[in-house]
A.B. asks: 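Encoded as structure tokens, here's the structure I'll be asking about.
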Protein chains: 2
Amino acid sequence: MAATIKDVARLAGVSPSTVSRVLNQKGVISDETKQKIASAMEQLKYVPNDIARSFANGSAHAISLVIDISDGTAYANNFFNNTVFGIETAAHQNDYNLIITNGAAAFGGISSVERLIAGKKVDGVVLPISLVTDELLRRIEDLSVPCVILGRSEEVGAEANWVDINNVQAGRRAVRLLLERGYKKIAFLSDGDGEVFNQDRIAGYRRELAANHLPVPNGGILHGLPTVESGMDCVRVLLQDDDAPDAVICSDDRLALGALRAAHQLGLRVPEQFGIISCDNTPLTELAETPITSVDVDTFALGVQAAQILIEQIEDPQTSLRQILLSTKLIERASTMRETREETEAIHI
Amino acid sequence: MAATIKDVARLAGVSPSTVSRVLNQKGVISDETKQKIASAMEQLKYVPNDIARSFANGSAHAISLVIDISDGTAYANNFFNNTVFGIETAAHQNDYNLIITNGAAAFGGISSVERLIAGKKVDGVVLPISLVTDELLRRIEDLSVPCVILGRSEEVGAEANWVDINNVQAGRRAVRLLLERGYKKIAFLSDGDGEVFNQDRIAGYRRELAANHLPVPNGGILHGLPTVESGMDCVRVLLQDDDAPDAVICSDDRLALGALRAAHQLGLRVPEQFGIISCDNTPLTELAETPITSVDVDTFALGVQAAQILIEQIEDPQTSLRQILLSTKLIERASTMRETREETEAIHI
DNA sequence: TTTATTTATGCAACCGTTTGCCTAATGCCA
DNA sequence: TGGCATTAGGCAAACGGTTGCATAAATAAA
């Protein structure tokens with residue numbers, strides 16, 4: 001049997017409360033007593049029973065990350081990994097454990113998340129936006145544990161804690177890089193429609209064009225699917241035009257790969273005649289036939305931030321809601337690395 | 001404040017023990033009493049305090065997955081995701097929670113895994129082979145909680161529970177497919193050296209060749225790195241030979257991609273003149289210029305198995321150790337899909 | 001010296017469930 | 001109708017900590 005606080009107390013010749021106090025650094029304890037207790041703990045190889053602790057002070061010192069197994073995005077790329085690692089790292093630093101639970105699963109009448117909270121096993125939850133519903137948010141609120149959302153939606157706005165990627169900025173940066181490289185007419189291929197992250201990127205794209213006094217090309221924003229085929233189709237359509245775009249920003253790596261291949265098929269050289277930027281920076285872009293410039297997101301940091309603001313809220317429920325936008329980084333690769341000479345020439349015409 | 005079992009008892013006019021008994025389906029309780037208790041629970045929206053429960057019966061009903069943040073493999077591909085999802089799913093089905101913890105992290109003197117176990121927060125652990133040391137295994141043994149390893153090493157052998165991929169079978173199957181497609185001389189590109197999974201694949205490769213009375217080609221087993229460049233280099237070397245291989249099995253998707261590109265550069269048509277099989281089935285193979293045939297592993301099932309045998313051991317510590325090898329599946333794509341006609345021709349010569 | 005204050009520690013209740021043991025009520029048989 | 005099983009449920013201790021309150025010893029102030 002493992003040693004308990006009482007065993008330690010007995011061996012050290014003090015009371016359990018004293019041991020507890022040195023363990024938690026509460027109250028004033030003489031150095032001598034501390035010494036005796038320390039050596040007793042040492043001798044008995046004492047490790048506190050964290051369950052008993054959680055029970056006594058009513059908090060599990062754990063947070064939960066709810067996962068969406070049905071979410072193909074998380075499933076297929078490594079967004080999930082790094083975010084989990086980030087959350088775990090930050091949680092650990094604050095002495096919290098991380099419990100993973102499936103958002104879809106239910107436990108008799110109530111969802112497993114609610115059970116986890118109501119059962120006092122966790123003090124807070126981080127929730128991917130794909131699982132957020134008003135209903136769920138309200139229930140969590142009722143159980144009065146804090147919550148932070150990964151990503152955001154229009155509805156959530158400033159009514160919740162969230163961390164998200166600054167997609168507007170990403171869109172602007174992509175446009176800016178293409179303009180710097182001398183591309184004149186930039187299209188945008190989106191892998192979806194209504195999602196906030198796509199809307200944001202498109203907004204950034206529009207804004208940066210506007211800031212440079214450039215119009216959004218006619219039919220320059222296409223909505224496709226996250227597949228190579230869709231990327232090829234879109235680019236074929238784009239390039240039918242006489243005055244076709246000479247660069248494209250894709251909101252998905254498969255789209256971008258399709259764009260690259262369609263351009264090659266149509267005999268365009270990338271990057272010389274056609275520039276491509278993608279958004280997810282999976283290995284697909286780095287290892288494409290022509291490596292593709294991509295927006296990179298530090299998903300580890302995303303997780304760290306999420307866990308940190310969650311724990312802040314747990315430790316001080318008065319803390320006001322927080323929303324955090326993470327900057328992105330543009331990793332330039334061959335697909336946009338052309339000499340800007342062409343630009344100069346073009347201007348001369 | 002949340003309702004406790006005492007509140008329920010009071011409202012139902014029974015004692016807490018009776019409520020506990022219906023909750024745990026122990027002892028004999030009349031239907032009438034059950035009814036009263038059920039409606040009291042309903043009315044009070046009672047949810048058991050799982051921490052108090054764990055405390056009372058000395059088991060957290062949780063397992064831990066130890067992760068290796070430094071492991072580039074897990075970090076970069078989606079092996080990790082699916083395995084976690086599988087573990088979570090199986091754990092949940094058995095009413096266990098899943099706690100993720102970083103294998104490298106430490107908590108004062110002891111590692112976070114040990115703390116989790118000694119602190120009674122988990123009843124068992126699943127451990128990636130990359131983190132396994134004799135030392136760690138011994139310590140876990142001392143704490144007398146069961147453990148299952150993801151993957152295996154020579155040292156571990158039959159001395160522990162593990163689930164692993166049947167890499168020998170994968171190697172054999174890859175060879176068999178290539179032979180069926182009429183390839184005559186098959187090389188093997190490994191992305192490493194000593195790892196058991198590479199050794200196994202190579203063993204399978206050798207065995208299947210032997211079973212077909214074929215020799216391992218001279219210099220037919222190359223050890224490279226998990227990069228596209230290394231794949232290109234290896235294939236260039238291989239193809240210098242007059243009597244060069246006409247197919248290659250790669251133990252990594254980047255190697256395979258490199259192989260594909262080198263073949264193209266050297267003017268070989270894939271699959272007609274050169275066949276390629278890879279082993280990880282990441283999107284890289286599916287979306288390569290020529291989609292690459294790949295060994296697919298059901299990492300979700302791997303997680304499920306791991307969790308299941310772990311929980312078996314937890315619930316019945318007498319259960320003997322178990323080792324499970326999971327079958328792989330060969331997903332055939334363009335890189336090997338050639339008419340076997342060529343084979344016939346070749347035979348006619 | 002006496003009294004007030006500070007410092008260091010002990011006592012015991014409490015957190016919410018579980019469970020071994022005991023008892024009251026019911027049913028059965030002789 | 002008394003005695004013995006059986007059934008249904010209550011009592012109270014236990015799980016391992018934490019913490020408010022009380023107190024003894026040591027020190028400072030009067």
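Residue numbers begin at 1 in each chain, while the letters A, B, ... track the order of the sequences.
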A.B. asks: Could you state the NZ-C1' distance from B:K120 to D:dG17, rounded to the nearest angstrom?
C.D. replies: 13 Å

A.B. asks: For the side chain of B:L23, counting heavy atoms from C-beta on, which of C:dA8, D:dG9, C:dT18 is nearest?
C.D. replies: C:dT18

A.B. asks: If you check every side-chain atom of B:A52, which of D:dG9, C:dG16, C:dC11 has the closest atom?
C.D. replies: C:dG16

A.B. asks: Would you mind telling me which of B:T101, B:I99, B:I100 makes a side-chain contact (heavy atoms from CB on, under 4.5 Å) with B:V66?
C.D. replies: B:T101

A.B. asks: Taking CG from A:N49 and P from C:dC15, how many angstroms apart are they, rounded to a whole number?
C.D. replies: 19 Å

A.B. asks: One character per nucleotide, please: for nucleotides 21-26 of chain D, 5' to 3', B when the base has a protein heavy atom closer than 4.0 Å, S when only the sugar-phosphate does, - otherwise.
C.D. replies: ------

A.B. asks: Heavy atoms from C-beta onward define the side chain here; which of D:dT18, C:dT9, D:dG16 lies closest to that of A:T18?
C.D. replies: C:dT9

A.B. asks: How close or far is atom P of D:dA8 from atom CD of B:Q35, stated in whole angstroms?
C.D. replies: 16 Å

A.B. asks: Whole Å only: how far is the CZ atom of B:R10 from the P atom of D:dG10?
C.D. replies: 14 Å

A.B. asks: Starting from P on C:dT7, measure out to CD on A:E32 and report it in whole angstrom.
C.D. replies: 18 Å

A.B. asks: Go through C:dT19, C:dT17, C:dT9 for me and flag the one nearest to the A:I29 side chain.
C.D. replies: C:dT9

A.B. asks: Whole-Å distance between D:dA8 C1' and B:I37 CD1?
C.D. replies: 11 Å

A.B. asks: I'd like to know if A:D7 and A:R10 make a salt bridge, using a cut-off of under 4.0 Å between side-chain N and carboxylate O.
C.D. replies: yes

A.B. asks: Take atom NE2 of B:H61 and atom P of C:dT17, then tell me their distance rounded to the nearest Å.
C.D. replies: 16 Å

A.B. asks: Between B:K26 and C:dT19, is there a side-chain N or O to OP1/OP2 distance below 4.0 Å?
C.D. replies: yes

A.B. asks: Heavy-atom count check: over 12 atoms from other residues, nucleotides or ligands less than 6.0 Å from A:D134 CG?
C.D. replies: no

A.B. asks: Counting only heavy atoms not in B:Q35, do more than 12 sit closer than 6.0 Å to its CD atom?
C.D. replies: no

A.B. asks: Under 4.0 Å, heavy atoms only, any strand: does A:V14 hit a base, just the sugar-phosphate, or nothing?
C.D. replies: sugar-phosphate

A.B. asks: Choosing from C:dG16, D:dA8, D:dT19, which nucleotide comes nearest the side chain of B:V28?
C.D. replies: D:dA8

A.B. asks: Which nucleotide in the set C:dG16, C:dT9, C:dT18 lies at the smallest distance from any side-chain heavy atom of B:K6?
C.D. replies: C:dG16

A.B. asks: Taking the basic N atoms (NZ, or NE/NH1/NH2) and the acidic carboxylate oxygens, is any pair closer than 4.0 Å for B:R138 and B:E141?
C.D. replies: no

A.B. asks: Between D:dT18, D:dT19, C:dT9, which nucleotide has the shortest distance from any of its atoms to the side chain of A:S17?
C.D. replies: D:dT19

A.B. asks: Looking at D:dG9, C:dT17, D:dC11, which one has an atom nearest to any side-chain atom of B:R53?
C.D. replies: C:dT17

A.B. asks: For the residue pair A:S17 / A:S20, report whether a side-chain donor-acceptor contact shorter than 3.5 Å exists.
C.D. replies: no

A.B. asks: Would you classify A:S54 as touching base, sugar-phosphate or nothing, given that sugar-phosphate means primed atoms plus P, OP1 and OP2, and contacts are heavy atoms under 4.0 Å?
C.D. replies: nothing

A.B. asks: Quick one: is B:S15 getting a side-chain N or O under 4.0 Å of the D:dG10 phosphate, OP1 or OP2?
C.D. replies: yes

A.B. asks: Are more than 12 heavy atoms, taken from residues, nucleotides or ligands other than A:D316, located less than 6.0 Å from that residue's CG atom?
C.D. replies: yes

A.B. asks: Please report the distance, rounded to the nearest Å, between CG in A:N57 and C1' in D:dG16.
C.D. replies: 12 Å

A.B. asks: A:S30 side chain: which of C:dT19, D:dG9, C:dT9 is closest?
C.D. replies: C:dT9

A.B. asks: Looking only at side-chain N and O atoms, does A:N24 come under 4.0 Å of OP1 or OP2 in D:dT18?
C.D. replies: yes

A.B. asks: Would you say whether B:F55 stacks on C:dT17? The test is a distance between ring centres of less than 5.5 Å and an angle between planes of less than 30°.
C.D. replies: no

A.B. asks: Any idea which of D:dT18, C:dT17, D:dG16 is nearest the B:P48 side chain?
C.D. replies: C:dT17

A.B. asks: Please classify the nucleic acid contact of A:G13 as base, sugar-phosphate, or nothing, using heavy-atom distances under 4.0 Å.
C.D. replies: sugar-phosphate

A.B. asks: Establish, with yes or no, whether the OP1 or OP2 oxygen of D:dG16 is under 4.0 angstrom from a side-chain nitrogen or oxygen of A:T4.
C.D. replies: no

A.B. asks: Say whether A:Q313 and A:N161, considering side chains only, have a donor N or O and an acceptor N or O under 3.5 Å apart.
C.D. replies: yes

A.B. asks: Is A:K121 salt-bridged to B:D50, going by a charged N under 4.0 Å from an acidic O?
C.D. replies: no

